[in-house]
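Chain letters run A, B, ... following the sequence lines, proteins first and then strands; every chain starts at 1. Since we're looking at a predicted model, the values are computed, not measured.
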2 protein chains.
Amino acid sequence: MAGRPKIYDETAILDKAVEVFWEKGYANATADDLLHAMGIGKGSFYFAFKGGKEELFRKSMERVVELNFKAIRDALTTCADPVQFIKDFFLSLTGNESPVGNKGCYFGNALIQVSADDAGLKMIAAKYLHLLEEIFTEAVQKGKDLGLLQTQEPAAALGTYLVNLWNGINVTRRMEPDQRKLADLVRMNLKILD
Amino acid sequence: MAGRPKIYDETAILDKAVEVFWEKGYANATADDLLHAMGIGKGSFYFAFKGGKEELFRKSMERVVELNFKAIRDALTTCADPVQFIKDFFLSLTGNESPVGNKGCYFGNALIQVSADDAGLKMIAAKYLHLLEEIFTEAVQKGKDLGLLQTQEPAAALGTYLVNLWNGINVTRRMEPDQRKLADLVRMNLKILD
DNA sequence: CCAATTTTGTACCAAATAGTACAGTTTATT
DNA sequence: AATAAACTGTACTATTTGGTACAAAATTGG
């Protein structure tokens, strides 16, 4: 168990890579962009990520799930009113202070940016979006169990509805700078949770 | 006004370029891909499109608007029940026979695929999505005028709702192969037009 | 301190990239 | 047929791409 120690923190440089991918998109992010942002040399990079750019992106997706989705899930399991939480979450997407900024959804972006022959990455992105769908579904189910929802719709259908809303907003944000219009749009969609 | 005539049809090669961009994405489509599909040489290409790939993409967007959106608008102005037309349109997106296939929306894709420093292309894509929004809004307004809609929501808000649904579906399609789930999702969304 | 092990930086490379230069070809007008 | 205009194909280039090779460096256990 000897050996020269890493001089960087693996999660720290992953976070840097996430930033670059999110900002520039998978296809447009060059290895140089990434290395520069991560602040490591090619040697270290190809040593740590033998699969090159693709492996880095795969790990960066894991990291984003860990940082973002898991946080949502945790918050949902502890909060008293999951329905209100969902509503607040979506409304928060329409403001400047959005956690996502204008960069969209990491996974939705991936589905659209990754070239067709990288089917593996696409499948992973799809899988994580399904995870988000599940999280929404669980929240709705919990809301139903608590008697907070009148709707006849099954929780799973509402989960699908919400992940589709998420996908939509993350594109619509980019064409619609008017935050009031976005907020109205979200509110209109959230009526389904009354 | 002399000179050798073109040996190719400008719109025909544009259509080929559209195919490539739609299939591979803007960033992933190389000049070679495009030239090969268009069946012309570099000389002809850079003569016809002095702006290179970017100009080609700009013109390809115009072409897609011309071919797709204008057709929708025309169909809407002539049809008796614009509300039903909208519903059928969205439901058609969930099937195999979708006009869009799994390639998504040309302009939504562009918003997500084009690199940040190509702000010009992004603005054009956003503009065309706003055109689609307008088309939806007009259809809804017409539906209201004809007494086909009970909703209190303003037509413009519903237009925004529908373009957001469009944006969402075009991403969600890529993560959700189950067409029945997609169809249910669309039906749930279209209840707002009852 | 020596050896084993792991990490790092630099130099290098082959392929692919978008784009240019330009000579030559084809046609309409005269 | 001569000429001007419009078009086309080929050869070329400079840059950037992702990726490899490998020797040197840093650390720990013996």
Any N/O donor-acceptor pair, A:Lys42 side-chain to C:dG9 base, under 3.5 Å: no
Compare the minimum distances between each of C:dT8, D:dT17, C:dA18 and the side chain of A:Ser44, then state the nucleotide with the smallest one. C:dT8
Over 60° means perpendicular and under 30° means parallel, so classify the ring planes of A:Tyr106 and A:Trp22, tilted if in between. perpendicular
Could you tell me the separation between the CZ atom of A:Phe47 and the C1' atom of D:dA26, rounded to a whole number of Å? 13 Å
Could I get the full list of side-chain hydrogen bond (donor to acceptor under 3.5 Å, both in side chains) partners for B:Asp32, not counting sequence neighbours? none
Is there a donor in the side chain of B:Asp74 and an acceptor in the side chain of B:Thr77, or the other way round, less than 3.5 Å apart? no
Nucleotide C:dT17, atom P - distance to CG of B:Leu35 in whole Å: 11 Å
Check each of B:Phe89, B:Tyr161, B:Phe136, B:Phe107 against B:Trp166 using the ring pair (Phe, Tyr, Trp, His ring centres under 6.0 Å) test, and report the only one that passes. B:Phe89
Looking for any heavy atom pair under 4.0 Å, which part of the strands does B:Gly41 touch: base, sugar-phosphate only, or nothing? sugar-phosphate
Take the protein atom CG of A:Asp32 and the nucleotide atom P of D:dG19, then report the distance between them rounded to whole Å. 12 Å
Using whole Å, report how far OH of A:Tyr26 lies from C1' of D:dG18. 11 Å
Between A:Gly43 and A:Ala29, name the one whose nearest nucleotide on DNA chain D is closer to the 5' end. A:Ala29
Could you check how far NZ of B:Lys53 sits from C1' of C:dT20, rounded to whole Å? 18 Å
Starting from C1' on C:dT8, measure out to CG on A:Asp9 and report it in whole angstrom. 17 Å
Between A:Phe45 and B:Ile40, whichever has its closest DNA chain D nucleotide further toward 5' is B:Ile40
So how far is it from A:Asp118 CG to A:Lys122 NZ, rounded to the nearest 0.5 Å? 9.0 Å
Pairing residues for A:Lys87 by the salt bridge (charged side-chain N to carboxylate O under 4.0 Å, His left out) criterion, not counting sequence neighbours: A:Asp194
Using a cut-off of strictly less than 4.0 Å between a heavy atom of the residue and any atom of DNA chain C, enumerate the qualifying residues of residues 110-119 of chain A by number. none
Starting at atom NE2 of B:His36, determine the distance to atom P of D:dG9, rounded to an integer number of angstrom. 13 Å
Centre of B:Phe45's six-membered ring, under 6.0 Å away, within 45 degrees of the axis: is that where NZ or CZ of B:Lys53 sits? no
Here the distance between atom C1' of C:dA18 and atom CD of B:Glu54, to the nearest Å, is 13 Å
Nearest to the side chain of A:Ala31, heavy atoms from C-beta on, is which of D:dA6, D:dG18, C:dT6? D:dG18
